[in-house]
Amino acid sequence: MSIYDTLNNEQKEAVLQTEGPVLILAGAGSGKTRVLTHRIAYMIDHCGVQPWNILAITFTNKAAGEMRQRVDDLIGTGSEQIWVSTFHSTCAKILRRHIDRIGYDTNYTIYDTDDSKSVIKEVCKKLNIDTKQLKERAILSAISSAKNEYISPEEYRNSTEGDYMLQKIAACYTEYQLALRKNNALDFDDLLVKTVELFQTCPDVLESFQERFKYIMVDEYQDTNTVQFNFIEMLARRYRNLCVVGDDDQSIYKFRGANIRNILDFEQVFPDAHVIKLEQNYRSTGRILDGANAVIGNNLHRKQKSLWTDKGNGSAIHLRAFDNAYEEADFLVNDIRKKVREKDADYNDCAVLFRTNAQARLVEERMVLAGVPYNVVGGVNFYSRKEIKDVLAYLKTVDNARDDLAVRRIINVPKRGIGATTIGRIQTYADLNGMSFFGAMQVVDEIPGIGKAAEKIKAFVTMILGFRSRGEMYTLEEQLQEIFDISGYLDELENSDDDDAEDRLENIDEFTNKLIAYETEADEPTLGGFLQEVALVADIDNVDGDDNKVLLMTMHAAKGLEFNHVYLAGMEDGLFPSYMTIMSDDPFEIEEERRLAYVGMTRAKEDLTLTFAKCRMIRGETQYNAPSRFLKEIPDNLMDNRVPGKKKEEVIFDEDRMFSFHGSPVVPREQIFARPKATVTRRGTPEYAKPFALKGAAGLAGSGISKGVEGAGTAPDYVVGDRVSHIKYGEGQVTALEKGERDYKVTVMFDQCGQKIMYAAFAKLKKL
DNA sequence: TAGTTGGGTTTTTTT
DNA sequence: AACCCAACTA
């Protein structure tokens, strides 16, 4: 009896095939982590592979830690020698040693998205780009896409002929890279780009890593982008022991450059690849899996596969409809409480998943009211919070004052009476003389026009140099404490009467703890090492599954996780799938949303609940949305459709195509979706390609659903100034009417309910 | 220089 | 609703 006997045949095959290129197509919940860990164990235990010859790339730092732990559990020891980490951390480590070969300093800093945005802002100012016309965001995303495709600024510029906008972006890209280089900084994408560049320009470095990493494994391969592929391909070129694991159905990161072709074309790139399919799902019960399979079956462009389980049917997928988002949130909280009360679940068995981060707010509020312990994952990253970024800027300045961004961030925090004018003068002088901002500050007396601010500048410089000189003998913790004490940062926060000052102080305490943890755990703790580690931490990395808390997060963040009880909230067209993808004429976009739905559903082990609200506030606007089209793709017999708390009522479509609740608690789903049965998932005709208003739904033609899909509605029969009546809000006067892309947007001042803005097709106003 | 206010904008997802 | 920025005031 060995540890490998517990694997099924395909898993075993994947474990034993240690040589050459291997593609493991691992369906959701098919035990791929087990395969990877056992494969590593097998290589070390049975094939004489040295642990340090193995590189395993995971999607998150958390997954990396868990993988290492599990390998440790299998083979006892030696796992600390394996490189297990994310693409970004791996590259950061390589660059820490060798980036000086391509003209950067090895104590480079890593810029997050906010930092990049600040740089772009300056670049735009310098290039006289009107950011109203060409948004910073758009520029950054164009640059990021270019980097993900390993396109240099020069190449980018050469491909922009004749396109004015692209030329502007190309100019920004060039300037942006110059600015980063000047600050000795890399952005996230650069970590990959510069590593590949390093490998290309320094064959000796590449060779040393090829020798080092004779066996390479990549998890979540479907979400790799082109540079990541280049990186891996270069490393694996020599020994060709490359094992990639992924599931094309779970590819959900196209927006950040993921190239699904990497997995789809693996066999073309490596014709001798062994392909192994893992199709037995060990996670979910039957109905959940069947539902997820039915949904994903609507995607045309995928590798054929069929996941199965021997777990039995399990309970039905629950579908719940609500009047509005508040009721939905109440339900979520109460349902979880009920499960806990009845001992069906602990809080940490439950996760509520959303399409967008903002949706968590409402549920969070209700959880607080109900006293349900919860944890929101994502949204604003811990290390992106203002106070944390301030502290980080201090540390960065102490560590490496070449980062102008960091210096300027803290020069007047806390207030030192150094204002915009002074900062501008220093910056001009620095630019003119090709020095860093901090460098210019050190010679402040030379700078014209500074006047009495000079003393304040000198005090600041002395303070920073003081911090730096003490770095030699102080521990990191002591250094941090010193910064807190001397800079006056804590004092200012403590004396602030800001509402959230307390939260901020708590965050700073937490940050201090993290620094202490780093210093105790790292082999050779350094300030630079800490800053690097911290720059690459994702929110999900800090989730502790042992905490008995309900997790609230996006479906993206939930990738790779599993829970006994999963709630997918906000299942509405326009929210999920998102409005952008519905309106797009690229059908691949909705396929990506569908994959996200698949990811969400397959997180559930025993119990899956889908909820939607017919109305919710989005960005300050009340929106009325039809139930998600993905719901329609789940076969009837897998679901129970009920409206909790609406006893003896039934759900029907009413006049204005909304849901209303009267009658029995069990709802015939045809009435919810207004469509004939036959439209379920038939391969070859994607649901979105068909009109919704079909025979049998004649009475509902022109419903909110079909309107939303079929394009902009026809002009309403009322105009501004007319009196109209609404089924719920009563009578009112039209105050504005605006033609939007998909429909007329109508604003009505209702006599009873005040002003509402809604889409004409959904509102179904009657002219009086 | 610092703090406030009003107006305009808005990514859906993240290392 | 929430955030960011410019302009204004103390």
Side-chain angles (χ1 to χ4, degrees), chain A residues 57-64 85-92 110-114 116-118 121 131-132 135-138 140-141 144 147-148 186-192 220 223-225 227-228 251-258 325 353-362 365 377-381 383-384 386 412-423 451-453 456 498 532-541 553-559 570 574-584 589-590 592-593 595-597 599-600 616-623:
Chain A
I57 302 278
T58 56
F59 200 67
T60 62
N61 296 299
K62 183 169 174 245
S85 62
T86 64
F87 272 108
H88 289 89
S89 303
T90 304
C91 290
I110 300 172
Y111 276 1
D112 67 15
T113 316
D114 285 339
S116 297
K117 204 173 164 201
S118 310
K121 234 173 240 172
T131 52
K132 292 239 160 60
K135 301 258 191 321
E136 287 109 338
R137 175 160 244 94
L140 269 178
S141 108
S144 177
K147 288 183 175 180
N148 290 156
L186 303 185
D187 66 15
F188 289 132
D189 300 319
D190 277 343
L191 291 170
L192 267 303
E220 305 285 5
D223 279 319
T224 52
N225 61 35
V227 222
Q228 289 168 339
S251 168
I252 54 173
Y253 280 101
K254 180 148 177 259
F255 70 93
R256 71 172 200 210
L353 309 183
F354 313 95
R355 178 66 244 269
T356 68
N357 283 303
Q359 288 169 260
R361 275 225 166 93
L362 246 187
E365 277 172 26
V377 181
V380 188
N381 184 308
Y383 293 101
S384 317
K386 185 187 168 299
N412 201 29
V413 178
K415 303 269 175 300
R416 301 188 174 92
I418 303 170
T421 322
T422 309
I423 292 174
K452 48 184 185 217
K456 299 169 186 166
D498 229 350
Q532 171 186 307
E533 193 170 294
V534 141
L536 299 174
V537 169
D539 228 38
I540 193 76
D541 294 331
M553 64 189 136
T554 64
M555 287 176 240
H556 281 91
K559 179 160 122 155
L575 192 61
F576 187 41
S578 78
Y579 180 67
M580 312 260 280
T581 57
I582 293 176
M583 288 304 129
S584 165
E589 290 206 10
I590 208 114
E592 173 129 333
E593 293 280 288
R595 289 193 290 271
L596 188 56
V599 168
R616 79 172 67 231
M617 182 88 92
I618 296 173
R619 269 196 258 134
E621 246 179 54
T622 306
Q623 292 196 3

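Every chain is numbered from 1, with letters handed out A, B, ... down the list of sequences.
- For the pair A:N412 and B:dA2, the criterion of a side-chain N or O lying under 4.0 Å from OP1 or OP2 is met.
- Counting to the nearest Å, the C1' atom of B:dT13 and the CD1 atom of A:I590 are 15 Å from each other.
- At distances below 3.5 Å, at least one donor-acceptor pair connects side-chain atoms of A:S118 with backbone N or O atoms of A:D114.
- A:T90 places a side-chain N or O within donor-acceptor distance of the main-chain N or O of A:T86, the cut-off being under 3.5 Å.
- Within the 4.0 angstrom heavy-atom criterion, no nucleotide atom of any strand lies near A:K254.
- Distance CE (A:M580) to C1' (B:dT10): 11 Å, rounded to an integer number of Å.
- Atom P of nucleotide B:dT14 and atom CE of A:M555 are separated by 12 Å, given to the nearest angstrom.
- For A:H556, whose side chain is taken as the heavy atoms from C-beta onward, the closest listed nucleotide among C:dC3, B:dT13, B:dT15 is B:dT13.
- One finds no side-chain N or O of A:K559 lying less than 4.0 angstrom from the OP1 or OP2 phosphate oxygen of B:dT13.
- Closest contact between the side chain of A:K121 and the listed nucleotides C:dC4, B:dT13, B:dA2 involves C:dC4.
- Within the 3.5 Å criterion, the main-chain N or O of A:V537 finds a donor-acceptor partner in the side chain of A:N381.
- If you measure from atom CD1 of A:I618 to atom C1' of B:dT9, you get 17 Å, rounded to the nearest angstrom.
- You'll find that the side chain of A:A557 is closest to B:dT14, out of B:dA2, B:dT14, C:dC5.
- If you find the closest nucleotide of DNA chain B to A:T421 and to A:A535, the one lying nearer the 5' end belongs to A:T421.
- Proximity of a side-chain donor or acceptor of A:N412 to a complementary backbone N or O of A:G417 within less than 3.5 Å is detected.
- Among B:dG3, B:dT14, B:dT1, the nucleotide with an atom closest to any side-chain atom of A:K415 is B:dG3.
- With P as the reference atom, B:dT13 and C:dC4 are 15 Å apart, rounded to whole Å.
- If you check every strand for non-hydrogen atoms under 4.0 Å, A:T422 touches sugar and phosphate atoms only.
- The residue A:Y253 sits close only to the backbone: its heavy atoms come under 4.0 Å of sugar-phosphate atoms, none of a base.
- Residue contacts for A:D112: at a heavy-atom cut-off of 4.0 Å it reaches no nucleic acid atom on any strand shown.
- The NZ-P distance, from A:K135 to B:dG8, rounds to 14 Å in whole Å.
- When the C1' atom of C:dA1 is taken as reference, atom CG of A:L575 falls 15 Å away, rounded to whole Å.
- Judged by atom type and distance alone, A:R137 reaches the base of B:dT11 through a side-chain donor-acceptor pair under 3.5 Å.
- Put simply, A:N357 has a side-chain N or O that comes within less than 4.0 Å of OP1 or OP2 on B:dT14.
- The residue A:T113 sits close to a base: some heavy atom pair falls under 4.0 Å.
- For the pair A:H88 (side chain) and A:L191 (backbone), a donor-acceptor distance under 3.5 Å is absent.
- At the heavy-atom level, A:S578 lies under 4.0 Å from base atoms of the strands shown.
- Taking atom CD on A:E592 and atom P on B:dT11, their separation rounds to 18 Å, with Å as the unit.
- Looking at A:E593, its side chain never comes within 3.5 Å of a backbone N or O of A:T581 through a donor-acceptor pair.
- By the 5.5 angstrom centroid cut-off and the 30-degree plane limit, A:F255 is classified as stacked against the base of B:dT13.
- Residues A:A420 and A:N381 each lie close to DNA chain B; by heavy-atom proximity, the contact nearer the 5' end of the strand is made by A:A420.
- Between the P atom of B:dT15 and the CD1 atom of A:I57 lies a distance of 16 Å, rounded to the nearest Å.
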